[in-house]
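Let me begin by presenting the structure, written as structure tokens, before commenting on it.
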Amino acid sequence: VNEADDILSGMSLLPAPAVALDGPAAARLAAESGVLGAISRGDDLRQLARLATAVAASGAANVLVPRVVLPALLAPGAAVDGTTTIALGELDDDLDPSAPGCRLDDGVLDGAKPLVSAAGATSALVSATAREGVVLVEVDLRAHGVTVEAVSTIGRGGDADLRFDAVAIATDAIVADAARLSERLAAAAPTIALVQAAEGRGLLRRMLELAVEHGRERYAFGRPIGSFQAFQHACADMAMDLELTEALVDYAAAIPTLVHALEARVFVADAVVAGSRAALQLQGGGGFLDEHPVARLYRQAKESQLRWGGIDREHDAIWGHWIARADAEVTA
Amino acid sequence: MDTSFTNTTAPSAMPDEWTLSAAEIALRDEFRSWLRAEIEAPYLAELKDRATTEFFGIEPEFSRRLGEAGYLGITTPTEYGGRGCSHFDQSLLQAEIAWYRAPILGHFVLEREVLPAIVHFGTPEQQARLIPELLTGRSLCAQGFTEPGTGSDLAAVATKAEATEGGFVIDGIKWLNSVAQVARYLWIVARTDPGARHRGLSMFLIPTDTLGITVEPLVEMTGIHRLNRIVLDHVEVPEDSLVGGLNRGWDIAMDTVARERAGAARPAGMRRAWIDLARHAIGRSGEGGPDADVRRRLARIAVRIEACDLLYRRYARQTDSGDAVPELGGTTLKVYGDEVEQDLGDLGTALLGRQGVLDIAESSALEGRFGRLHTASPGFSLGGGTSEILRTVVATRGLGLPREPAPPRASESVT
């Protein structure tokens, strides 16, 4: 959190704890910290990882990927100011662009996209099935035929369901054809996984910090509760997961390959959910109140695990990589 | 074979935390060539008990040849006759030993505990006398910390060392101590001030052939003999057996166990076991490969192995730069690594099904390695500090949580 304070206060954008950042605020942070260039170049993602960690520790998660990373990588050259969001997935997976429920015919868009990060957004990059395959189009969310209906999620990130009813799409609003969309999504995969992992790291750091603070200050049975072994061991498990998380995330940021990022992503996804359960339990009843910071971390942890990447698919990719590498390792 | 380390030199713009320098690659490759020839040598390849050739096996001949080749205690500074290599260099060599399943336990205490202690805490006379001898690998060392009544609670050690004219007389019993049956020295903690707890302990390095020492074998649940009970019955030792000064044993022991814990990590060995298991799963499956559940269970544990491997590298680098926190990074390597390896044993035996019950033997499926891992791995989280004690170490010394209050002394308790 100290790191978060340094980064965020240095930009005069320090949000109040427990208040989620919206897309424009996240984009401003990304721009002012200089990570936007790193995202598009893909050459040094360590600062992006640090920013994602700091933002998540300070009160927001699951916002950098849809509002900063994906717009920058799927529509290169376009301004990334956080007012453009991303709408790919329709069913289980945020990143599945197959778009069976959205059609673009003769410049007219029909269909729906659920669970879109929409707070403060004025346009969306939407995947839709056209004659030539799945394309990505930019849609003005204020246009005639667009309905934005807020949905409540456990992470309270300001999501909405989008519906498109005969929305007119200009030819120059098609920002990626089928081949380019597929290519850009593949190229974006390591960055997406890294950012999700780095956000999880921020959540985990904050949870542990709250637990240790509580363990020192709260007394029960005449002792600080942090002196009870049951409390200590739960903290130790979180601390060990955090040590391993730090190594995985830093490695994936320093040497950004898909498998490094996926390994960090899947490890942190599990660690952050396990950590959130322990962290809430350690706070006692107060942690269950909506006003408590650990309640926000608990809610965001589950979204962090489930959003912007499918854990099963990622494990399959990791399996494939390890098997390919095994042949090289054993025969070398 | 890569044993997982990124096999590229560090470009100038990159930090070197995750990459190997040209010199590091050269050292690793040189050692790998030596080791590959060594494991084919008859004294290792033809051992009847395959378990003794595994990573935590004891084979004095291997330890001796390692010393002879200059690969033992490589972090020992050059002014003491060592190679002055980094801890990261040592971690590279250890990763090779783990990958090739060569026996490390024989010289583990010598290399990880006694040599560094003599370098840091020994007198000039002890350094001149002991370091060259230890570097040869001919004089193995056994740790004598644990006692029948005191395991992880080191401060409760009951073995006594009473000062006499010109030395000490030691009485007590040590328990569950590996290597003592082949060791030249015992690395012992004993009480020199009965009135103090932590601050009443001292460290001694004692030849095992000293009159009054008896080493009795203990057979562990794998059926092999690595552990011992050591009886010290009125053992008279000279003053220069004391290492680091009177009543300084606690600090030296803490330094010792921190090195022991981080040094016990073996991600390269787990990686190799994973490869064996995954290939076996592929071989038993149909054309489409293992089913999704098997693939994902293997992938999940692969990621945990990778996490250990990365922390293993980072911790070695941090040790060299002085940034290591033994109570966090080093202890995590031990506790988490032990649990991953135990889970790997469980997963391996489960995927092998009925053949998972086979113990180690060349004719068994996957040489019975997973059956053996299942029975050997409980020892991992018991030796070198139990996982319970180590979690407390992480919480109190690593995170700064308050300690559990000491129970009232007997004189204060209500009867």
Side-chain angles (χ1 to χ4, degrees), chain A residues 43-44 46 208-209 211-212 215-216 222-229 231-248 250-252 254-255 259-260 262-267 270-271 311-312 314-323 325-332, chain B residues 1-4 6-8 13-15 17-19 99 271-272 274-276 278-279 282 289-290 292 295-300 302-315 325 328-329 331-333 335-336 387-388 390-396 398-405:
Chain A
D43 57 352
D44 183 355
R46 283 169 294 182
L208 180 60
E209 190 177 68
V212 171
R216 286 179 183 148
R223 294 163 51 179
I225 61 169
S227 68
F228 288 98
Q229 195 178 65
F231 191 102
Q232 292 179 345
H233 287 191
C235 286
D237 283 338
M238 289 167 66
M240 291 193 291
D241 273 353
L242 182 57
E243 283 289 304
L244 297 154
T245 290
E246 300 280 3
L248 283 159
D250 287 345
Y251 183 57
I255 305 174
V259 72
H260 296 163
L262 292 180
E263 286 172 346
R265 161 70 174 137
V266 299
F267 183 90
D270 287 347
I311 298 299
D312 284 347
E314 289 163 350
H315 276 123
D316 286 344
I318 291 165
W319 159 264
H321 172 85
W322 273 62
I323 286 299
R325 186 171 61 179
D327 291 337
E329 284 186 338
V330 173
T331 56
Chain B
M1 191 282 296
D2 188 335
T3 56
S4 87
T6 306
N7 196 12
T8 53
M14 292 277 285
E17 182 173 17
W18 306 114
T19 49
W99 174 274
R271 186 181 292 275
R272 185 164 182 189
W274 186 95
I275 290 172
D276 289 347
R279 288 183 154 186
I282 291 170
R295 280 198 317 266
R296 289 166 190 167
R297 287 167 77 186
L298 280 161
R300 198 171 280 275
V303 172
R304 297 173 68 201
I305 294 169
E306 179 78 354
C308 289
D309 203 354
L310 292 175
L311 187 59
Y312 176 75
R313 293 189 227 182
R314 165 170 278 184
Y315 191 76
V325 182
L328 280 176
T331 309
T332 299
L333 275 174
V335 175
Y336 189 81
S387 292
E388 289 74 21
L390 295 182
R391 281 185 162 86
T392 301
V393 167
V394 169
T396 54
L399 299 175
L401 283 168
R403 292 175 186 279
E404 198 164 14

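A note on names: the letters A, B, ... follow the listed sequences, proteins ahead of strands, and every chain is numbered from 1.
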Checklist entry - Got B:R391 and A:D237 here, is their nearest side-chain heavy-atom distance under 4.5 Å? => result yes

Item to check | Separation of A:E246 CD from B:L311 CG (nearest 0.5 Å) | outcome: 10.5 Å

Checklist entry - Of the listed residues (A:G215, A:G226, A:A264, A:P224), which shares the most heavy-atom pairs with chain B below a 4.5 Å separation? => result A:G226

Checklist entry - Are any of the side-chain heavy atoms of B:R295 and A:H315 separated by less than 4.5 Å? => result no

Checklist outcome for this item: Honestly, the part of A:V266 sitting under 4.5 Å from a heavy atom of chain B is side chain

Next on the checklist: For chain A, which candidate among B:P402, B:P405, B:A278 shows the most heavy-atom pairs at distances under 4.5 Å?
Outcome noted: B:P402

Checklist entry - Are side-chain heavy atoms of B:T19 and A:I255 found at a separation under 4.5 Å? => result yes

Next on the checklist: Strictly distance-based, threshold 3.5 Å: is any side-chain N or O of A:Q232 a donor or acceptor partner for the main-chain N or O of B:V394?
Outcome noted: no

Checklist entry - Can you check whether B:D309 reaches A:Y251 side chain to side chain, under 4.5 Å on heavy atoms? => result no

Checklist entry - For chain A, which of B:I282, B:L390, B:V393 has the most heavy-atom pairs under 4.5 Å? => result B:I282

Next on the checklist: Less than 4.5 Å apart, side chain to side chain, heavy atoms only: is that true for A:L208 and B:L399?
Outcome noted: yes

Item to check | Side-chain heavy-atom pair A:E243, B:R314 within 4.5 angstrom cut-off | outcome: no

Checklist entry - Using non-hydrogen atoms only, which part of A:D250 is less than 4.5 Å away from chain B: side chain, backbone, both, or neither? => result both

Item to check | Shortest non-hydrogen contact from A:L244 toward B:C308 | outcome: CD2-N, 4.1 Å

Checklist entry - Could you give the distance from NE2 (A:H233) to OG1 (B:T392), rounded to the nearest 0.5 Å? => result 3.0 Å

Checklist entry - To the nearest 0.5 Å, how far apart are CZ in B:R279 and CD1 in A:I323? => result 7.5 Å

Item to check | Check: B:R313 side chain, A:A247 main-chain N or O, donor-acceptor pair, under 3.5 Å | outcome: no

Item to check | Options B:A307, B:A395, B:G398, B:S387, ranked by heavy-atom pairs under 4.5 Å with chain A, top entry | outcome: B:A307

Next on the checklist: Assess the residue pair A:F267 and B:E306 against the criterion (side-chain contact (heavy atoms from CB on, under 4.5 Å)); give the C-alpha distance rounded to whole Å, side-chain angles, the decisive distance to 0.1 Å, and a yes or no.
Outcome noted: CA-CA 10 Å; A:F267 183 90; B:E306 179 78 354; over 6 Å; no

Item to check | Option that, when pairs with chain B are counted at under 4.5 Å, heavy atom only, ranks first among A:A236, A:A211, A:S227 | outcome: A:S227

Item to check | Region of A:D241 that comes under 4.5 Å of a non-hydrogen atom in chain B | outcome: side chain

Checklist entry - Do you know which of A:L242, A:V259, A:D316 has the most heavy-atom pairs with chain B at a distance under 4.5 angstrom? => result A:D316

Checklist entry - Once you round to the nearest 0.5 Å, how far does OG1 of A:T245 lie from CG of B:L310? => result 11.0 Å

Checklist entry - Are any of the side-chain heavy atoms of A:I311 and B:R300 separated by less than 4.5 Å? => result yes

